[in-house]
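Below is one structure, written out as structure tokens; the observations come after it.
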Amino acid sequence: MAAPVKCSYCPSTAGVRTYTTQWPRQERMCRGCASTYFRAARKRAVETLSEEYGDASDAALWAQCHIIAWWLSEPDPDVRAVGAVLLVQATRYHREFGDRAWRVFPSARDRGRQRGHATRSAAYETVHVPYDVPWLRRLYGDRCLYCGVASEHIDHVQPLALGGADAPWNVAPACKSCNLSKGKKALAAWLPGRLLSVHAERARAQWAEWTAA
Ligand SMILES: [Zn+2]
Ligand SMILES: [Zn+2]
């Protein structure tokens, strides 16, 4: 029989599993050590993101106002409603991030997704302001910005291909179906048609709830 596997941080052999710590590095830890490790790592990550955001804040604020002003000037009331949601959520994102975001843990999939976004925005040469996917998901209750069902993807509301920023005010959770159907289309060119094939009243009720809270 193989010797029981020991935790890398304590003598325990109970419930030891392999975790991806600093991707791609993996370590064996017991539940207690894993919990301590990931809480501390998450706190550090949130602090680093807060500092990076502070460094980028002037450019970020300008870009944020610019894009949201544009959405709010669109003639379609549903497009304006989505712009208003982004404005409110971006404000909430920054107001509560430092104090609350460390309690929300990223899934392995979201960690991979965030690395992928940074690479893609560099390829498109668009504005990149670091943001936190798990915190975004929490703000939206993990629901799709466009139709209100459970979200799986993260969408750039103004696509990177059209110069959209990879930044907190231009990203939101989206269901796979909305994300794939939107593709590289501008919000105003896609949303009115999309609302004909989803539960539009549920989507509008969701926007009203997000902007009221
Ligand atoms: Zn341990
Ligand atoms: Zn959707």
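Every number for a ligand or one of its atoms is a count from 1 in the order of the listing. Owing to the predicted nature of the structure, the values given are computational and were not obtained by experimental measurement. Residue numbers start at 1 and run along the sequence shown.
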Does any part of the side chain of Phe97, heavy atoms only, come nearer than 4.5 Å to the side chain of His94, both counted from C-beta? no
If you round to 10 degrees, what value do you get for the angle at the Zn ion (ligand 2) between Cys147 atom SG and Cys178 atom SG? 110°
Measure the acute angle between the ring planes of Tyr37 and Tyr9, then classify it against the limits of 30° and 60° as parallel, tilted or perpendicular. tilted
At the Zn ion (ligand 2), what angle lies between atom SG of Cys175 and atom SG of Cys144, rounded to 10 degrees? 120°
If you round to 10 degrees, what value do you get for the angle at the Zn ion (ligand 1) between Cys30 atom SG and Cys10 atom SG? 110°
Are Trp190 and Tyr146 near enough that their ring centres are under 6.0 Å apart? yes
Rounded distance (nearest 0.5 Å) linking atom CZ of Arg42 with atom CG of Asp132: 4.0 Å
